[in-house]
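Data block below; observations after.
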Amino acid sequence: MNPVVAMDVAKGESQIQDFLDKKKTFQKSFKVEHTLAGLEKLMSFSQMLRE
């Protein structure tokens with residue numbers, strides 16, 4: 001398994017997509033706003049990947 005997290009950073013928000021392996025997504029892509037709430041959402045996602 002070669003997990004990858006891709007981030008498309010733009011002004012105000014970022015698009016996140018994760019892959020378990022080549023062309024095999026883990027879940028649907030999602031947006032994270034560049035706010036404290038968005039950072040918390042990204043941290044929760046990061047914690048979930050570690051489990």
Side-chain angles (χ1 to χ4, degrees):
M1 183 164 80
N2 299 309
V4 173
V5 176
M7 299 177 72
D8 182 8
V9 180
K11 186 175 182 179
E13 66 184 23
S14 296
Q15 187 77 25
I16 312 296
Q17 178 64 66
D18 48 337
F19 298 89
L20 294 176
D21 211 341
K22 194 172 188 176
K23 297 184 181 181
K24 184 177 179 185
T25 59
F26 177 65
Q27 61 183 22
K28 287 186 174 184
S29 66
F30 60 95
K31 291 182 181 180
V32 174
E33 293 184 7
H34 296 172
T35 62
L36 185 55
L39 181 59
E40 289 172 353
K41 182 177 180 179
L42 187 57
M43 291 300 294
S44 291
F45 170 74
S46 175
Q47 295 281 335
M48 182 180 63
L49 288 178
R50 292 181 187 178
E51 296 175 353

By salt bridge (Lys or Arg N to Asp or Glu O under 4.0 Å) - contacts of Lys41 (at least two apart): none
Any Phe19 side-chain heavy atom under 4.5 Å of Val5 side chain: no
Common cluster, Val4/Met7, ILVMFWY with side-chain heavy-atom separation under 4.5 Å: no
Expected output: side-chain Gln27 to main-chain Gln17 donor-acceptor under 3.5 Å: no
Set of residues satisfying side-chain hydrogen bond (donor to acceptor under 3.5 Å, both in side chains) with respect to Ser29, sequence neighbours excluded: Gln15
Minimum-distance pair of heavy atoms, taken over all atoms of Gly38 and Val32: O-CG1, 3.0 Å
Interatomic distance, Lys31 atom NZ to Asp8 atom CG [nearest 0.5 angstrom]: 10.5 Å
Side-chain touch Ile16/Leu42, heavy atoms, less than 4.5 angstrom: yes
Closest heavy-atom pair and its distance - Ala10, His34: O-CE1, 2.9 Å
Results of salt bridge (Lys or Arg N to Asp or Glu O under 4.0 Å) for Glu40 - residues two or more places apart only: none
CZ-CG distance between Phe30 and Asp18, expressed to the nearest 0.5 angstrom: 6.5 Å
